[in-house]
J.: 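Sharing a structure, written as C-alpha cells. Questions coming.
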Amino acid sequence: MMNQKQAMQIVNKTFFSIFNQNSPFSLEEILSEFAFDVKLPQQVSDSLTGKPTWAISINPTKFISQKNMEKYDELKGWMQPKVPVSNLKEVLKLWKKINYTTTERIYDSENISQSDTIYKSQNVFRSSNCNMCKNIIFMDGCTNSEYSIACQRSNELSFCIRVDDSGTCSNSYNVICSAKISNSLFIQDCNSLHECIFCSHISNKQYCIANMQFEKEEYFAIKKEIINWILNKS
C-alpha cells in the first residue's frame with residue numbers, strides 16, 4: 001500500500017513541475033489548503049474486524065473491506081440457509097445480517113491507499129472514483145491523469161493541482177471548466193491557453209494576466225510574485 005512518504009514524493013514532483021520548487025506544505029496542510037472541497041474517502045471501521053477502512057459513503061452503519069468480503073466468501077460464503085419468514089420485518093432483519101457496505105473497492109490496480117472505487121490505476125493516495133490514473137493524491141472522479149493533486153471530475157491531467165470539470169490540462173493550478181490549458185494559474189471557462197494567469201472566458205492566448213496581453217518578460221516577472229503568494233504559508 002502507498003505510504004505518506006511516497007505520497008509526498010508525488011506532491012513534490014507535482015509542485016516542482018508547476019511552481020519550480022518543492023511543496024512547502026505537509027500532506028495534512030495540502031489536504032486542508034488544497035483539497036478542502038474534494039469528496040474523499042473517510043475512515044470507518046470494518047464491522048467484522050474492527051480495523052480502519054476507507055469508504056466514499058459513510059451513511060451506512062456496517063462496513064467491510066473488499067479484501068475481507070472476498071476472504072469471508074472463500075471461507076464461509078455469503079449464501080445463507082433458508083429459514084421460514086412470515087413478514088417484511090423478518091426479511092429486513094435477515095437482510096441486515098448480511099448487508100455490509102463494501103469499502104476500499106480496488107480493481108486492476110496496485111499501490112493504492114486510503115481510497116475507494118479505483119480502476120486500472122497505480123500509486124493512488126486518498127482518492128475516489130478514479131480510472132486509469134497514476135501518481136495522484138486527494139482526487140475524485142478523474143480519468144487518465146497523472147501527477148495531480150486535489151482535482152475533481154476531470155480527465156487527461158498531467159502535473160495539476162485543483163483542476164475541476166476540465167480536460168487536457170498540464171502544469172497548471174486552479175483551473176475550472178476549461179480545456180487545453182498548460183503552464184497556467186487561476187483559469188476559468190477558457191480554452192487553449194499557455195502561460196496565462198487570472199483569465200476567464202478567452203481562448204488561444206499566451207502571456208495574458210487578467211485577460212490583458214503582456215510581453216513575455218513582464219509576464220514572468222509577475223508570475224514569480226504570484227507563485228510566491230500562492231506558496232506563502234502565512
Side-chain angles (χ1 to χ4, degrees), residues 1-44 46 51-58 63 65-71 102-175 181-183 230-231:
M1 293 178 64
M2 191 175 184
N3 57 42
Q4 293 196 4
K5 182 178 179 180
Q6 292 173 315
M8 280 305 302
Q9 290 173 345
I10 293 172
V11 166
N12 283 326
K13 192 168 183 177
T14 304
F15 267 72
F16 198 87
S17 182
I18 299 171
F19 304 118
N20 201 34
Q21 59 181 284
N22 287 338
S23 170
F25 305 98
S26 68
L27 204 59
E28 291 74 18
E29 289 170 330
I30 289 172
L31 176 61
S32 63
E33 294 292 330
F34 298 95
F36 58 89
D37 59 349
V38 181
K39 185 179 180 182
L40 299 175
Q42 301 298 311
Q43 183 173 299
V44 295
D46 187 303
K51 294 183 178 179
T53 184
W54 296 84
I56 194 59
S57 173
I58 60 173
F63 300 91
S65 70
Q66 182 182 5
K67 289 184 178 179
N68 285 336
M69 180 273 291
E70 293 171 348
K71 184 177 180 181
T102 307
T103 64
E104 295 186 68
R105 295 163 291 176
I106 313 298
Y107 308 101
D108 301 319
S109 303
E110 60 181 13
N111 203 26
I112 315 296
S113 183
Q114 300 182 16
S115 300
D116 192 19
T117 318
I118 304 295
Y119 304 88
K120 299 179 181 178
S121 300
Q122 62 186 93
N123 305 332
V124 175
F125 186 86
R126 190 81 185 274
S127 298
S128 62
N129 301 315
C130 291
N131 185 26
M132 295 187 292
C133 293
K134 60 182 178 180
N135 303 314
I136 60 171
I137 314 288
F138 304 139
M139 303 272 280
D140 175 47
C142 293
T143 303
N144 196 26
S145 299
E146 64 174 355
Y147 285 104
S148 294
I149 304 166
C151 300
Q152 307 178 81
R153 304 174 303 276
S154 299
N155 62 83
E156 296 185 10
L157 308 181
S158 179
F159 297 98
C160 288
I161 301 174
R162 287 199 60 79
V163 173
D164 296 351
D165 305 295
S166 300
T168 318
C169 300
S170 62
N171 303 303
S172 295
Y173 170 74
N174 209 319
V175 177
I181 308 299
S182 60
N183 298 67
I230 294 171
L231 301 183

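For this chain, numbers begin at 1 and follow the sequence in order.
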J.: Please list, chain by chain and in numerical order, all residues satisfying side chain to side chain donor-acceptor pair (under 3.5 Å) with Asp37, sequence neighbours excluded.
T.: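 For Asp37, the residues satisfying side chain to side chain donor-acceptor pair (under 3.5 Å) (neighbours in sequence not counted) are Arg162.
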J.: Run the numbers on Asn171 and Ser17 for side-chain hydrogen bond (donor to acceptor under 3.5 Å, both in side chains), then give the verdict.
T.: CA-CA 6 Å; Asn171 303 303; Ser17 182; 2.3 Å; yes
J.: Minimum heavy-atom separation for Ser26 to Met8, with atom names?
T.: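 Of all heavy-atom pairs spanning Ser26 and Met8, the closest is C-SD, 4.3 Å.
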J.: Is any side-chain heavy atom of Phe15 closer than 4.5 Å to one of Asn22?
T.: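 No, side chains not in contact.
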J.: Does the side-chain contact (heavy atoms from CB on, under 4.5 Å) test come out yes or no for Cys130 and Ile136, once each step is laid out?
T.: CA-CA 9 Å; Cys130 291; Ile136 60 171; 3.9 Å; yes
J.: Could you walk me through whether Arg153 and Lys39 satisfy the side-chain contact (heavy atoms from CB on, under 4.5 Å) test, starting with their C-alpha distance in whole Å, then the side-chain angles of each, then the deciding distance to 0.1 Å, before giving a yes or no?
T.: CA-CA 11 Å; Arg153 304 174 303 276; Lys39 185 179 180 182; over 6 Å; no
J.: Mind checking the CD1-CG spacing from Ile181 to Leu157? Nearest 0.5 Å is all I need.
T.: 11.5 Å
J.: So, Ser65 and Thr53: side-chain donor and acceptor under 3.5 Å apart, yes or no?
T.: no
J.: Could you tell me the separation between the CE atom of Met2 and the CD atom of Gln9, rounded to the nearest 0.5 Å?
T.: 8.0 Å
J.: Taking atom CD of Gln152 and atom SG of Cys142, what is their separation to the nearest 0.5 Å?
T.: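 Answer rounded to 0.5 Å: 7.5 Å.
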J.: Rounded at 0.5 Å granularity, tell me how far CD1 in Ile18 sits from CG in Asn183.
T.: 9.5 Å
J.: Can you see whether Thr102 engages Gln66 through a side-chain donor-acceptor pair at a distance of less than 3.5 angstrom?
T.: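 Per modelled atom types, Thr102 and Gln66 side chains form no pair under 3.5 Å.
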J.: Side chains of Gln6 and Asn111: closer than 4.5 Å at any heavy-atom pair?
T.: yes
J.: Write down the atom of Cys151, the atom of Cys160, and the distance for their closest heavy-atom approach.
T.: SG-O, 3.9 Å
J.: Can you tell me how far CZ of Phe63 sits from CD1 of Ile58, rounded to the nearest 0.5 angstrom?
T.: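 Ile58 CD1 to Phe63 CZ: 7.0 Å, rounded to 0.5 Å.
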J.: Any pair with a residue in residues 112-131 that passes salt bridge (Lys or Arg N to Asp or Glu O under 4.0 Å), sequence neighbours left out, goes on the list, sorted by first then second residue, please.
T.: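 Output for this query lists Arg105-Asp116.
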J.: If we only count heavy atoms from C-beta on, is the Thr103 to Asp46 side-chain gap below 4.5 Å?
T.: no
J.: What I'd like to find out is whether the side chain of Phe138 reaches to under 4.5 Å of the side chain of Leu27, using heavy atoms alone.
T.: yes
J.: Asn155 and Asn144: side-chain hydrogen bond (donor to acceptor under 3.5 Å, both in side chains), yes or no, with the steps?
T.: CA-CA 6 Å; Asn155 62 83; Asn144 196 26; over 6 Å; no
J.: Looking only at non-hydrogen atoms, find the nearest pair between Ile56 and Leu40 and report the distance.
T.: CD1-C, 3.8 Å
J.: Please examine the side chains of Tyr119 and Asp108, heavy atoms only from C-beta on, and report whether any two atoms are closer than 4.5 Å.
T.: no
J.: Between OG1 of Thr117 and CG of Asp140, what distance do you get to the nearest 0.5 Å?
T.: 9.5 Å
J.: Between Ser154 (side chain) and Ser166 (backbone), is there a donor-acceptor pair under 3.5 Å?
T.: yes
J.: As a quick check of understanding, evaluate side-chain contact (heavy atoms from CB on, under 4.5 Å) for Phe25 and Val11, giving each step before the final call.
T.: CA-CA 9 Å; Phe25 305 98; Val11 166; over 6 Å; no
J.: Starting from the C-alpha separation in whole Å, work towards a yes-or-no answer on side-chain contact (heavy atoms from CB on, under 4.5 Å) for Ser113 and Phe125.
T.: CA-CA 5 Å; Ser113 183; Phe125 186 86; 4.1 Å; yes
J.: Return the minimal non-hydrogen interatomic distance between Ser145 and Thr143, and the atom names on each side.
T.: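 That closest heavy-atom pairing would be OG-O, 2.9 Å.
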J.: Can you find a heavy atom in the side chain of Phe34 that is under 4.5 Å from one in the side chain of Tyr173?
T.: yes
J.: Could you point out which residue of Ser128, Ser121, Cys133, Ser127 forms a side chain to side chain contact (heavy atoms under 4.5 Å, CB included) with Met139?
T.: Ser127
